Protein chains: 2
Amino acid sequence: MITIKDIARVAGVSHTTVSRALNGNPLIKKATRDKIERIAAEMNYVPNYSAKSLVTKRSFIIGLFFSSIEQGTSSSFLVDAIKGITHILDENYNLTVNGIDGVQHFSNIQPQRFDGILVMSQSDEDNAFIYHVKKTGIPLVVLNRQLEDPGIMNVVANDREGVKEAIDYAVQQGHRKLAIIEGKPGFKSSSERKQGFLDSLIAGRLPLNPDYFAPGDYSIESGYAAMSKLLSLEDRPTAVFCSNDDMAIGAMNACYAHKVQVPEQISLIGFDDMMFARYTNPALTTVRKPIAEISELGITMLIQLLQQPETPPQQLFVNTSLVVRDTVAGI
Amino acid sequence: MITIKDIARVAGVSHTTVSRALNGNPLIKKATRDKIERIAAEMNYVPNYSAKSLVTKRSFIIGLFFSSIEQGTSSSFLVDAIKGITHILDENYNLTVNGIDGVQHFSNIQPQRFDGILVMSQSDEDNAFIYHVKKTGIPLVVLNRQLEDPGIMNVVANDREGVKEAIDYAVQQGHRKLAIIEGKPGFKSSSERKQGFLDSLIAGRLPLNPDYFAPGDYSIESGYAAMSKLLSLEDRPTAVFCSNDDMAIGAMNACYAHKVQVPEQISLIGFDDMMFARYTNPALTTVRKPIAEISELGITMLIQLLQQPETPPQQLFVNTSLVVRDTVAGI
DNA sequence: AACTAAACTGAAATCGTTAACAATTCCATG
DNA sequence: CATGGAATTGTTAACGATTTCAGTTTAGTT
């Protein structure tokens with residue numbers, strides 16, 4: 001492996017000059033700089049990042065942390081996030097992917113190891129981790145889950161608004177008996193989406209039937225089970241909002257199993273707009289949650305934070321949008 | 001940040017002794033070691049990985065490279081791989097996730113930056129990258145795509161066998177007119193699966209109808225298009241093998257659109273067994289490809305390779321298995 | 001021509017760790 | 001009680017970069 005000293009020898013200058021030339025230090029004369037750059041290129045020089053890190057105290061590693069990657073995180077979610085980030089992040093940085101639940105020792109999370117951290121948070125339980133990171137002083141952006149703390153940079157979708165819009169649409173189509181299959185208890189998104197659902201019903205002065213609130217946990221299976229329960233009701237709802245698309249798919253399966261026609265007999269609305277939503281049968285009407293955009297915005301903010309640590313934390317919202325397909329019928 | 005020198009001062013020994021004690025060097029007396037470990041724990045010492053890396057020339061970073069993460073890689077694929085790896089990999093290592101198509105400068109891939117590299121390869125085009133890595137001497141394991149080169153550690157599923165088994169099953173159900181929707185041209189998996197398809201037809205002495213070979217590219221859309229073409233044939237096939245589940249979903253949608261009943265009028269077989277395969281309607285009969293197992297085996301081999309660089313490269317096969325659900329009817 | 005400020009380059013220290021080699025301590029032995 | 005080898009521990013020099021501070025050119029003024 002060749003080092004700046006090798007280059008210095010060839011160029012007939014000191015290694016200090018080489019370091020400066022290669023790092024764009026303005027003190028170096030153009031002629032010298034050009035010569036050094038040429039030689040460095042010829043010799044296929046690549047800086048030793050460990051040495052660089054040791055003295056500059058930067059690791060060139062950005063950590064992306066999910067609540068969990070083993071469970072509860074749907075795959076489109078994870079992928080869209082990674083896509084959004086690698087799309088923006090330049091090649092000098094390495095992106096590492098971890099599950100918070102896999103972090104045994106918080107002590108492994110320190111400034112020397114991560115230049116910045118993105119947390120794709122789904123649950124309040126992430127708070128311990130988030131506050132640890134904050135305490136270490138590592139630049140931090142929390143995505144996807146709205147935080148109470150205004151001291152942390154936060155990028156989220158307005159789930160609540162998005163759901164309200166979708167339910168408004170269903171109401172407008174004539175539905176009066178609306179049910180919800182709720183998300184995983186404890187997840188902020190679950191309560192946000194439920195709130196949006198309630199907002200719409202209340203705005204429309206519709207009755208709230210306790211039977212129409214079915215518990216779920218974001219898994220396909222739970223959607224199936226919840227829907228089965230709703231279908232067994234004497235007074236069935238005419239439309240069901242599923243707190244994510246996975247559960248909507250489970251719900252749709254339950255309808256098939258019970259020989260209930262979608263949307264003729266019951267309407268369905270999902271949330272996320274994952275890749276397959278367009279390809280269910282019938283195609284799923286859902287609320288699009290722009291995870292890729294959230295991630296892109298998040299990494300952009302993080303880079304900003306790396307360059308200007310004094311950037312004041314803000315809370316940024318990304319808009320969801322209603323995607324009308326074929327699972328909601330007019331009444 | 002506290003260093004081994006701080007600990008040394010407190011413990012009244014030299015920093016070398018501290019280093020040795022903390023690294024399990026057998027030369028250190030038990031009493032001394034215990035004392036040092038206690039102090040280190042009390043002081044919340046965490047080693048500086050940059051410094052460690054600089055002198056040991058190990059980066060504690062494992063790179064996971066996909067052919068692309070922007071396109072062509074289905075999300076369940078990416079996620080299952082990450083899951084499998086993080087499941088095995090211990091916390092001292094960082095896992096970075098990259099797309100080969102995002103690597104601008106091969107020079108960034110050097111031993112000082114990666115202790116080991118896993119390539120989840122889908123295309124011959126990855127070869128340039130793979131051989132660059134091999135040349136640098138970074139321990140390397142290539143997953144998912146079978147290589148010609150016996151000098152590289154390689155973990156793959158026996159796609160061909162798996163497909164043959166699936167087609168044999170369809171034949172056994174009475175099908176004689178079988179079509180295939182092929183995978184992305186240039187991808188090794190595409191030709192392997194096609195071979196498995198051919199193997200079965202040939203073994204069953206069935207005719208090969210050129211109309212029954214429809215091109216695809218692994219995307220849902222291409223499955224839809226290919227199926228539409230097959231359905232428009234005068235002499236339709238009775239069963240269609242789709243080279244992955246995404247295309248099977250597209251194909252199923254085409255059937256719906258053309259009001260063709262699955263499996264009554266046409267049978268469908270997929271490949272991968274992704275999470276949603278169980279939840280299509282009807283549930284998809286498919287070949288399960290154990291990406292998580294492949295990844296786990298791969299990272300295990302890689303760790304082996306890190307510890308014993310002289311481990312001879314081998315080619316390991318992981319078995320696929322036929323998952324019978326509801327898209328293949330008897331004739 | 002002499003002087004001075006600006007422009008540029010270099011020497012040496014530093015980051016936190018490991019490792020080669022040297023030095024010390026400890027005990028059993030003669 | 002000296003002695004010698006084994007068992008421990010310490011000294012010092014890397015590793016490859018950046019940075020501080022000092023030194024040398026260069027160019028501009030008088």
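What you see is a predicted model, and the numbers here were worked out from it, not measured in a lab. A, B, ... follow the sequence lines: proteins, then strands. Residue 1 opens every chain.
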When V46(A) and S14(B) are each assigned the nearest nucleotide of DNA chain D, the 5'-most assignment goes to S14(B)
Would you kindly compare K29(B) and A51(B) by the position of their nearest DNA chain D nucleotide and give the one closer to the 5′ end? K29(B)
Sugar-phosphate only, base, or nothing, as touched by T32(B) at under 4.0 Å among non-hydrogen atoms: sugar-phosphate
Quick one: label K57(B) by what it contacts on the DNA or RNA (base, sugar-phosphate, nothing), any heavy atom closer than 4.0 Å. sugar-phosphate
Please walk me through it: do H87(A) and S295(A) pass side-chain contact (heavy atoms from CB on, under 4.5 Å)? CA-CA 10 Å; H87(A) 187 226; S295(A) 307; over 6 Å; no
Counting primed atoms, P, OP1 and OP2 as sugar-phosphate and everything else as base, the B/S/- map of nucleotides 18-24 of chain D against protein heavy atoms under 4.0 Å is BBB----
Side chains of [Y] and [X]: any donor to acceptor distance under 3.5 Å?
X	Y	result
T16(A)	S19(A)	no
Q110(B)	Q112(B)	yes
S67(B)	D126(B)	yes

Please check if the distance between the ring centroids of F106(B) and Y131(B) is under 6.0 Å. no
If you check every side-chain atom of L27(A), which of dT9(C), dT17(C), dG10(D) has the closest atom? dT9(C)
Which of these nucleotides, dG10(D), dC15(D), dA17(D), is closest to any side-chain atom of P47(A)? dA17(D)
Which atom pairs, one a donor and one an acceptor, fall under 3.5 Å between side chains of residues 35-42 of chain A and the rest of the protein, sequence neighbours left out?
residue : atom : partner : partner atom : Å
K35(A)  : NZ   : A11(A)  : O            : 3.1

Using five base pairs at each end, measure the axis-to-axis angle across the helix from dA1(C)-dT30(D) to dG30(C)-dC1(D) and round it to 10 degrees. 60°
Within 45° of the ring axis of F187(B) and under 6.0 Å from its six-membered ring centre, is that where the NZ or CZ of R145(B) lies? no
In whole angstroms, how far is the P atom of dA7(C) from the CG atom of N25(A)? 13 Å
Nearest-Å distance for atom pair CG/C1', residues N48(B) and dG16(C): 5 Å
Check: S121(A) main-chain N/O paired with N144(A) side-chain donor or acceptor under 3.5 Å: yes
